[in-house]
Amino acid sequence: MLSAVFIYNQKGEVLISRLYRHDVKRSVADVFRVHVIASVGAVRSPVTTLGSTTFFHIRYDNLWVCAVARHNVNAALVFEFLYRVLGLGVSYFGRFDESAVKSNFVLVYELLDEVLDFGYPQNMEVDTLKLYVTTESVRSRVEAPQITMQATGATTWRRQDIAYKKNEAFVDVIEAVNLLVSAKGTVLRSDVQGQIVMRSFLSGMPECKFGLNDKLQMDHAGVDIADCQFHQCVRLGKFDVDRTISFIPPDGEFELMRYRATDAINLPFKVLPVVRERGRTVEYEVLIKANFSAKLCATNMVVTVPTPPSATTCRIKVTGAGKAKYDPEENALVWRISRLQGLQETSLTAVVDLAPMAKPVPWSRPPISLDFQVLMFTASGLLVRFLKVFEKSNYHSVKWVRYMTKAGSYQVRI
Amino acid sequence: MAPMKGLTVFIADLRKCRSHEEEERRVNKELANIRTKFKEAGLNSYNRKKYVCKLVYMSLLGYDVQFGHKEAVDLASSAKYSEKQIGYLAVTLLLPEDSGYMRGVLAALRRDINGGDDVSVCVALAAVSNVATREIAEALTEEILNQLLSPSASTFVKKKAALCLLRLLRRFPDAAGAHAWAARVIPYMGHRDAGVTLAVTSLATALAQQYPDAMRKAAAFAVRRLKSLVLDGECPTDYMYYTVAAPWLQVKLLRLLQYFPAPESAELRTLLLRILRHIIDAGQDAPRELQQMNAQYSILFEAIGLGIHLDVDQGLMHESAALLGRFITSRETNVRYLGLETMAHLAAYIDSLAPLKRFQGVITQALRDRDVSVRRRALDLLYSMCDVDNAKPVVGELLRHMGGADLALREEMALKVAILTEKYATEYAWYIDVMMRLVALAGEHLGDEVWHRIVQVVLGNEELQLYACTIALQALNAPVCHESAFKVSAYVLGEFGHLIANAPDSAPIDQLKALQSKMPSVSLQARAVALTTVAKFTNLFPEIKTACLRVLDRHRGALDAELQQRACEYYALATVESDALLPTVFEEMPPFAERQSALVSRLLKQEGDTEDQRTWVPGGRDINRERRAQQTGENPAEADVSDGKDGELPQSDPADGPADPAEEPSITESRRHYARLLWESDGILYDGDEVQIGLMAQYKPPAGRVGVFLGNKAAGAIYDISIQAFVKDSKDDKNPPLSVQESPGQSPLPASLLPLGQARIYFDVTCHRVFATAPTLRISYTQAGAPTVLELQLPVTCVHFMAPVTIAVPDFFARWKQLGEAELGEAQSVLKTPFLEERSGEWLRGVVGGMGFALIQGADPAPDNIVAVGIATCESGERFGCLMRVEPKPSHSLTRITVRATNDMLAKAVATNIAMIFDSK
């Protein structure tokens with residue numbers, strides 16, 4: 001299992017070094033720094049094996065988090081662990097970066113001591129850990145037997161004695177659309193990565209049942225969702241039998257499930273680009289149509305239209321929503337649209353002058369990419385049909401559902 | 001250069017960038033800014049310089065800066081020095097050689113070199129050295145030379161001009177036209193300024209390597225200059241370096257003298273000897289300071305090198321040897337290195353190796369030196385100083401070190417051991433023992449040449465074979481057998497396994513078992529060799545044939561194509577019901593023709609020098625003698641110097657051709673090759689000791705293209721190559737029946753061809769009418785000083801312009817009869833064909849097909865007979881049909897050929913060609 005965990009800053013200085021086993025020395029931190037962090041231009045695989053030591057690393061903000069193993073460990077497990085560590089850090093310190101780590105050394109070590117035991121991952125539930133690894137120097141509120149009960153019981157993720165005055169549950173459906181359209185307008189790739197995040201503020205030990213417009217349940221009327229991954233609280237057996245999602249939720253925020261959809265995607269935007277290279281100038285005409293109901297609107301849209309590397313001056317005109325300008329740092333025209341109502345369209349025309357080149361190099365014509373957010377819209381067409389909460393005391397609970405679609409990699413070739 | 005704030009800020013910004021992406025964004029932003037700025041008119045001088053500097057900086061960081069070249073050229077063409085300086089800097093760093101702006105740069109350079117003040121001339125000369133395109137070299141050499149020769153130019157311009165010429169000369173030896181002016185720079189070696197002398201001496205050294213005859217006078221200048229430096233102690237104080245007078249200049253002068261033979265005048269020679277003696281005497285006492293030591297030793301080593309080269313005074317050599325002996329034990333790595341290197345040089349020329357052998361122990365020690373380059377030199381030296389007397393200890397020593405030597409050195413070491421062992425072996429057993437140990441030790445660092453060579457030697461020496469077999473079987477039975485050892489053993493046993501078949505534990509089946517036991521663990525290549533051995537065993541030992549067949553059979557399903565093919569073919573051969581076939585195929589290999597060992601050429605090939613030519617190569621006296629003879633042969637003028645003659649080239653111009661017709665080389669020599677090429681499109685036309693000539697032909701009647709390939713098989717390079725093809729007796733003919741011309745648009749033949757090199761040339765041939773005489777190929781070259789002319793018949797006959805046509809089976813004899821009645825042309829001959837057997841119809845058909853005929857299957861009632869049709873086409877559009885009937889009678893060893901054509905000459909030509917092919921079979 002894992003022999004050590006290191007956290008480096010961007011320069012490769014070791015911020016945190018925790019050894020769990022005696023088969024590695026502190027000096028392996030330098031090995032990783034020299035071979036991975038300091039090596040410029042090398043292909044950076046997240047898994048690096050040097051000699052018989054394997055390093056698994058992820059980069060987050062300005063940190064490198066690296067796990068070291070001397071055995072043939074399950075790489076997926078190690079990465080899940082590392083991302084959980086990041087999650088822990090975010091929930092403890094607000095953000096997880098160099099300064100956060102530096103100002104919370106003790107806490108980070110305390111957490112690392114708790115989540116790994118002799119290199120084997122232990123309980124990593126934030127809510128549980130927060131019970132006894134506390135940010136303030138106060139005595140733990142929970143008595144030892146209770147922790148034992150919970151850690152060894154059937155629902156390790158939930159305490160028994162939670163009570164709220166108002167019982168509420170929030171469900172957020174967040175979808176990222178990936179799209180690649182060829183220059184001729186045919187869709188080369190389109191899919192949706194979805195995520196359902198829940199925040200529960202429910203008393204006692206509630207049993208929840210969750211219903212989606214799943215095609216298999218709805219007799220072909222719903223959407224085809226694939227690759228479902230659930231939080232550990234969901235009863236997988238039941239899902240396998242009749243595709244019902246039932247669970248006892250942890251308290252607070254958690255990711256209930258992840259899924260993917262590839263068929264019948266509702267593309268929120270249609271992009272019609274025309275790019276002509278005319279000797280020393282390039283002409284652009286880009287038209288964007290919002291392809292969703294007029295009641296909804298897209299916000300924070302950014303359209304990046306690449307320009308040739310030899311661009312000098314640009315004359316840009318936008319008809320409709322948004323403002324555009326030439327951004328030399330990105331070699332692109334950046335067109336920002338703060339708000340675009342459904343079924344509306346907006347267009348950009350631009351003429352870019354090129355500098356004379358000694359030896360003209362053909363332009364690689366990178367794709368136009370979009371970034372956006374559309375609220376109350378799901379690209380996959382997924383809907384939450386119901387969320388039922390059953391509890392012994394049979395209290396009344398309030399449920400809220402929100403939908404949001406944002407851009408994954410939304411690209412149109414030109 | 002005035003400080004430029006914008007540039008400083010920009011560089012500071014880039015340095016501050018934390019990540020590559022950040023830096024790229026900053027660069028992109030700056031590039032966009034510069035692009036816009038350059039587009040606007042009226043950029044002032046300061047800004048233009050600043051932006052060009054920024055571009056240069058970005059391009060140095062590795063970003064692609066494609067624009068801004070025009071601005072750089074503009075700056076270079078400016079009249080202001082500060083702009084010019086930055087302009088030239090940018091031009092040298094940014095512009096590619098084939099840039100369209102080079103013309104502008106050239107104009108600016110010309111203006112500055114001709115008309116500018118000293119600083120402009122210098123900056124332009126520096127730019128020329130850095131850019132140095134062919135165009136510039138051709139255009140500006142004259143101007144730069146004028147700067148060097150002009151009496152008004154200042155000394156530092158002269159220095160720069162000389163170095164600039166040196167650079168152009170090294171880059172384009174042909175473009176600078178140095179032959180014309182080489183002699184004019186010599187007087188400047190006597191310039192009062194030591195800096196100019198130093199620069200000109202460097203130039204003269206480069207020139208002396210190319211034009212030794214033109215530079216002959218330089219030797220006298222060099223000697224006089226040395227005299228004033230060494231004997232008279234005349235040296236400007238600025239050039240005294242730790243009490244050594246101008247060491248760089250001394251070294252250069254001594255080096256230059258090594259490219260010339262010993263001076264002819266007695267006065268100069270004694271003077272030179274005095275100088276050398278003085279230097280060597282001065283080297284006896286060790287200097288104290290490091291810098292002084294470096295300077296003094298560098299002069300000393302060059303002086304010893306020159307002494308060896310002059311080869312005049314054995315006393316001096318022995319003294320040098322003693323001195324070198326002291327150096328190779330020095331504590332300084334550099335001194336040790338140079339000592340070993342110079343000693344190897346000495347070993348290459350000294351008459352008796354005795355003074356060197358005293359140090360053999362020390363040199364062997366140096367094989368274990370901690371510095372790799374010292375180890376390499378020690379190896380070279382040991383190789384050079386090896387002779388019959390000390391071969392055994394030296395080889396033993398090298399083998400002992402082989403295991404510990406680093407990988408880079410091991411291959412070279414192995415090669416050298418192999419060469420020495422072969423060269424100085426006095427006992428067969430010793431040779432085999434050493435080689436097998438070598439193969440086991442050096443292992444994978446051994447090229448194929450080594451094991452090939454062992455096999456060649458074993459095949460060539462009968463006395464060796466029995467012992468070699470014993471050792472080979474031992475090697476196979478050893479627990480570990482290296483790949484190359486396996487190959488040697490397999491090969492040797494396959495050839496001579498029967499010699500030890502009666503010895504205990506060496507019965508055929510034991511041999512096979514030993515081979516089989518190692519087969520699974522070796523590479524595919526080695527396994528292929530082993531398969532051949534097994535196949536040979538089937539012939540050699542009929543008693544184990546079934547066991548051998550089992551092995552072959554098992555490999556018939558091998559995954560590797562080569563192995564599978566071998567196994568299948570051998571299996572088929574071994575199972576054919578013919579007593580004669582197997583022994584014929586697996587007959588004992590004939591001894592290899594004695595020629596130069598591939599090992600030596602391999603070793604020499606490893607030498608690749610980019611700078612000054614070497615005056616010697618490691619490897620003992622013989623090689624260097626040969627080398628020197630070769631060089632003098634290549635340029636006889638140099639050898640003539642001592643006789644006081646003017647360097648007049650002897651008559652070796654191949655264009656003149658041999659004057660005496662009686663000396664014309666015989667054509668009959670390569671008849672066999674010629675006959676083969678009558679029906680095959682490519683193959684060897686001539687295979688001699690020095691060259692091999694191959695042919696590749698492609699015909700598209702009425703035209704064709706014939707490629708002639710000339711390969712150098714000799715040990716040394718060949719020069720003055722010319723290849724011509726022409727039709728004899730038709731030189732004055734206005735309208736020859738066949739025209740032969742060099743194909744247009746091909747690169748010219750190289751001036752010289754290194755060993756194993758190949759040159760090629762293509763000829764276009766067109767057939768205008770049917771013709772009788774084949775064209776002639778004349779090849780001339782000079783090898784080791786001796787000009788050679790080869791005249792060969794080029795296998796291009798009117799039959800080659802024949803294309804197959806098919807006609808219906810019944811039509812053939814109708815046409816045959818028709819032609820016979822018309823009596824346009826018929827040729828018939830009965831040829832003796834003892835080689836034909838029952839099953840050689842396939843070969844016959846191949847010959848007829850290869851000559852351009854279409855075989856008509858089933859037209860002739862007798863199944864063995866062959867009938868075929870072809871049509872020859874001429875440039876004029878005339879077409880001649882040709883029918884042929886071949887009736888082999890293997891029982892009588894006779895074959896009757898009948899050819900009927902619409903042209904008499906064609907019919908005869910076909911018959912003659914077939915007769916030749918049969919004749920040479």
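To find a chain, count down the sequence lines: A is the first, B the second, and so on, and within it residues start at 1.
- For chain A, no part of B:Asn33 is nearby; none of its heavy atoms comes within less than 4.5 Å.
- Enclosure of atom CZ in A:Arg189 by more than 12 non-hydrogen atoms of other residues, nucleotides or ligands within 6.0 angstrom is indicated.
- One distance of note links CD of B:Glu24 with CG of A:Asn331; it measures 9.0 Å at 0.5 Å rounding.
- Residue-environment remark: NZ (B:Lys39) exceeds the threshold of 12 foreign heavy atoms within 6.0 Å.
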Side-chain polar contacts of residues 51-61 of chain A - donor-acceptor pairs under 3.5 angstrom, sequence neighbours left out - could you list them?
from    : atom 1 : to      : atom 2 : distance (Å)
A:Ser52 : OG     : A:Arg70 : NH1    : 3.4
A:Thr53 : OG1    : A:Arg70 : NH1    : 2.8
A:Asp61 : OD2    : A:Arg95 : NH2    : 3.4

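- Within 6.0 Å of atom CZ in B:Arg26, more than 12 heavy atoms from other residues, nucleotides or ligands are found, so the atom counts as buried in its surroundings.
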For residues 407-414 of chain A, tabulate all N or O donor-acceptor pairs below 3.5 Å that involve a side-chain atom, not counting sequence neighbours.
from     : atom 1 : to       : atom 2 : distance (Å)
A:Tyr410 : OH     : A:Phe269 : N      : 3.3
A:Tyr410 : OH     : A:Phe269 : O      : 2.8

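- In terms of the salt bridge (Lys or Arg N to Asp or Glu O under 4.0 Å) criterion, B:Lys5 has no residue partners (sequence neighbours excluded).
- Of residues 304-314 of chain A, those residues with a non-hydrogen atom less than 4.5 Å from any non-hydrogen atom of chain B are, in numerical order, A:Pro309, A:Ser310, A:Ala311, A:Thr312, A:Thr313.
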